[in-house]
**Q** 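First the structure, then my questions, so here it is.
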Amino acid sequence: MTEQQQIEGCKSGDSKAQRSLYDTFSRKMMGVCMRYCGNNRETAMDLLQDGFVRVFTGIVSYDGRGSLEGWIRKVIINVALDYIRTNDLLRNTEDLEFIADQDIDSSALDEISANELMEVIAELPDGFRAVFNMYVIEGYSHREIADKLGITESTSRSQLTRAKQLLQKRLKEFNEE
């Protein structure tokens, strides 16, 4: 089934088109879910299912501008962010006006695989991980992060800085092991 057939079929409620769309994108979107829930597979599966329910109900609003995968990713990320907000996973965030930014020692990255790096990111506290994913991986601005998570821009900046500091510390430990 072509992407256009998947879209049209999903818009008309065709279960075969929905299954085809799910089969095409579920693996990548599961990776997105895993990044936001700290590699908790059960939670990630719930987020993935909730996300695809939103995709199927909201696909009528997809107008073809931009890639379908990008649109689905945005829906999935919003489901993950709703989960973070609903479960108050940002409760330990602090609103700091300034935290000294530390440079990350890029040599720490030389010795680690992509999978190992994702494991280290998954170990970050929920708030740090959410902001890190949104800023570094998804490309959101601090203003967008603040709006989506219901925090201030300075909290977003401080969470990113702390995430980088923890990552640097953990990467050094990882390389020493």
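We count residues from 1, following the sequence as given. Quick note: numbers below take in every heavy atom, side chains included, and nothing from hydrogens, waters or symmetry partners.
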**Q** Does atom NZ of Lys11 have more than 12 heavy-atom neighbours from other groups under 6.0 Å away?
**A**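 Yes - once you tally the heavy atoms of other residues, nucleotides and ligands closer than 6.0 Å, there are more than 12.
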
**Q** Could you report the tightest heavy-atom contact between Val75 and Gly51, atom names first, then the distance?
**A**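 Reported closest heavy-atom pair: CG1-O, 3.7 Å.
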
**Q** Considering non-hydrogen atoms only, spot the tightest contact between Ser20 and Thr24 and give its length.
**A** O-OG1, 2.8 Å

**Q** Report the relative orientation of the aromatic rings in Phe52 and Tyr22; use parallel for angles under 30°, tilted for 30 to 60°, perpendicular for over 60°.
**A** perpendicular

**Q** Could you tell me whether Tyr135 atom OH has more than 12 heavy atoms of other residues or ligands within 6.0 Å of it?
**A**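 Atom OH in Tyr135 is not crowded, with 12 or fewer foreign heavy atoms closer than 6.0 Å.
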
**Q** Any chance you could measure His142, atom NE2, to Asp147, atom CG, to the nearest 0.5 Å?
**A**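 So the gap between those two atoms works out to 13.0 Å.
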
**Q** Considering non-hydrogen atoms only, spot the tightest contact between Leu48 and Ser26 and give its length.
**A** CD1-O, 3.9 Å

**Q** Can you name the nearest heavy-atom pair linking Asp82 to Arg54, along with the distance?
**A** OD2-NH2, 2.7 Å

**Q** Can you name the one residue among Arg129, Glu138, Met134 that meets side chain to side chain contact (heavy atoms under 4.5 Å, CB included) with Arg35?
**A**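 The passing option is Glu138.
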
**Q** Going by an N to O cut-off under 4.0 Å, is there a salt bridge joining Arg41 and Asp46?
**A** no

**Q** When rounded to the nearest 0.5 angstrom, what distance separates CG in Leu149 from OG in Ser156?
**A**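 If I round to the nearest 0.5 Å, the distance is 7.5 Å.
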
**Q** In Å and rounded to the nearest 0.5 Å, what is the CD to CD distance from Glu123 to Glu119?
**A**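 Glu123 atom CD to Glu119 atom CD measures 7.5 Å (nearest 0.5 Å).
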
**Q** If you measure from the Lys or Arg side-chain nitrogens to the Asp or Glu carboxylate oxygens, is any gap between Asp63 and Arg65 under 4.0 Å?
**A**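 Salt bridge: yes.
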
**Q** Would you check if Leu160 and Phe128 make a side-chain contact, meaning some heavy-atom pair closer than 4.5 Å?
**A**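 Side-chain contact under 4.5 Å: no.
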
**Q** If you measure only the distance, is there a donor-acceptor pair under 3.5 Å linking the side chains of Thr155 and Thr152?
**A** yes

**Q** With no hydrogens and no angle check, is any side-chain donor or acceptor of Asp14 less than 3.5 Å from a backbone partner on Cys10?
**A** no

